[in-house]
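The structure appears below as structure tokens.
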Amino acid sequence: MPDYRVRISAKLPMTADILLVRVEAIEPATFEVVPGAWMQWRIPGPENTILRRCFSIACDAQVPGMLEFIIRKTPAGLGTKWLFEQAQVGDELVLAGPNGKFRLQDSGRGAVLIGGGSGLSALRSILQEMRDKQVAKPSTTLFFGAVNKSQLYLQEELNEFTKTIPGFRFVPALSAPQPDDNWTGETGLITEVLDRHLAAMSDAAELEAYLCGSPGMLDACQTVLAKHGIPADRIYFDKFISPKQ
Ligand SMILES: Cc1cc2nc3c(=O)[nH]c(=O)nc-3n(C[C@H](O)[C@H](O)[C@H](O)COP(=O)(O)OP(=O)(O)OC[C@H]3O[C@@H](n4cnc5c(N)ncnc54)[C@H](O)[C@@H]3O)c2cc1C
């Protein structure tokens, strides 16, 4: 697993607690990575320690020397505290990878992609890959769950996929929209919205699913997918567990 020396080239706020972080490769000068993979970041910790933290690649890796990541600030988390509060554009870090087995499947099946919060990261990477390769699936639906409108981000880009990925639908869902959100879209927990949509699809049992986010969200979604006849071996996931130092 190679180590990449990288430089932070952008820190873009997406929501109050989510950043899009862009890095440029220094040495080697190009990344050998694939969409869906994750990288282990070496982050400066307290008392000259090095924290090892996993973040999923959030782009298609088409630009050889650039990667993007979508990172949520973990409450009381040391590594993300450094990234949010201390890291500066121009800082150098080491990233190791690619790691993991989360990949777009060459199956010809329709797909549902489900995420929330920074769980958009690996899903965005898969969607950009579908766009680049013009992957022809019978249907592709992205379900993105948030509490209210302030937690939605990259909406323009996600809507744009309806024009660039054949058969793509984007379903954002809010569990507690605020009155001034003027929300006219889906409401409810992402599992409830997923359940309703799968019930309305005649081919639900034939689909494959891509999940990205916290273990709790993934487990809840897997229960709904199983209810609609999608077997476990057609459910692919990028699980955000929190490895300790
Ligand atoms: C494969 C993979 C991919 C991932 N991809 C992403 C991604 O794309 N975007 C993203 O936002 N996240 C992602 N994650 C999750 C991310 O790696 C974790 O949230 C990470 O731990 C955050 O680092 P941190 O140093 O800020 O928090 P940590 O310091 O790891 O702390 C995490 C939590 O554990 C608690 N904690 C820490 N140490 C202890 C201890 N000793 N005892 C008890 N509790 C403790 C903290 O208080 C905090 O609540 C991914 C995880 C995995 C495994």
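When reading the values below, keep in mind they use all heavy atoms of this one structure, side chains included, and skip hydrogens, waters and symmetry mates. One-based numbering, in listed order, for ligands and for the atoms of each. This structure is a prediction, so every number in the text was calculated from the model and none was measured.
- Taking a 4.0 Å cut-off on heavy atoms, P75 registers as neighbouring ligand 1.
- Of the possible donor and acceptor atoms, none in the side chain of E27 sits under 3.5 Å from a partner among the backbone N and O of A25.
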Item to complete: Any chance you could lay out the salt bridge (charged side-chain N to carboxylate O under 4.0 Å, His left out) test for R42 and D3, step after step, and finish with the verdict?
Response: CA-CA 10 Å; R42 311 255 162 86; D3 285 352; 3.5 Å; yes
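- The aromatic ring centroids of W41 and F69 lie less than 6.0 Å from each other.
- Contact annotation for T74 and ligand 1: only side-chain heavy atoms (C-beta onward) come within less than 4.0 Å of the ligand.
- For ligand 1, the polar-atom distance check against D238 finds no nitrogen or oxygen pair separated by under 3.5 Å.
- Without hydrogens or angle criteria, E129 side chain to L127 main chain gives no donor-acceptor distance under 3.5 Å.
- With a 4.0 Å heavy-atom cut-off, ligand 1 is reached by the backbone of C54 and by its side chain too.
- Proximity of K239 to ligand 1 is established by a heavy-atom distance of less than 4.0 Å.
- Y210 and Y236 have their aromatic ring centers within a separation under 6.0 angstrom.
- Against a heavy-atom cut-off of under 4.0 Å, A76 is close to the following atoms of ligand 1: 46 (C), 47 (O).
- If you look at R53 next to ligand 1, the close heavy atoms, those under 4.0 Å, all belong to the side chain.
- Residue W38 has no N or O atom closer than 3.5 Å to an N or O atom of ligand 1.
- Between I70 and ligand 1, an N or O atom pair is found at a separation short of 3.5 Å.
- The contact set between ligand 1 and S121, taken as ligand atoms under 4.0 Å from a residue heavy atom, comprises 7 (C), 8 (O).
- Between E68 and R22, at least one side-chain N (NZ, or NE/NH1/NH2) sits under 4.0 Å from a carboxylate O, which counts as a salt bridge.
- Contact between L51 and ligand 1 is absent, with no heavy atom of the residue lying under 4.0 Å from the ligand.
- Interatomic distance, OG1 of T191 versus CE of M217, reported as 9.0 Å (0.5 Å rounding).
- Under a 4.0 Å criterion applied to the non-hydrogen atoms of I71, ligand 1 contributes the atoms 11 (O).
- Judged by distance alone, the side chain of K81 and the main-chain N or O of T74 form no donor-acceptor pair under 3.5 Å.
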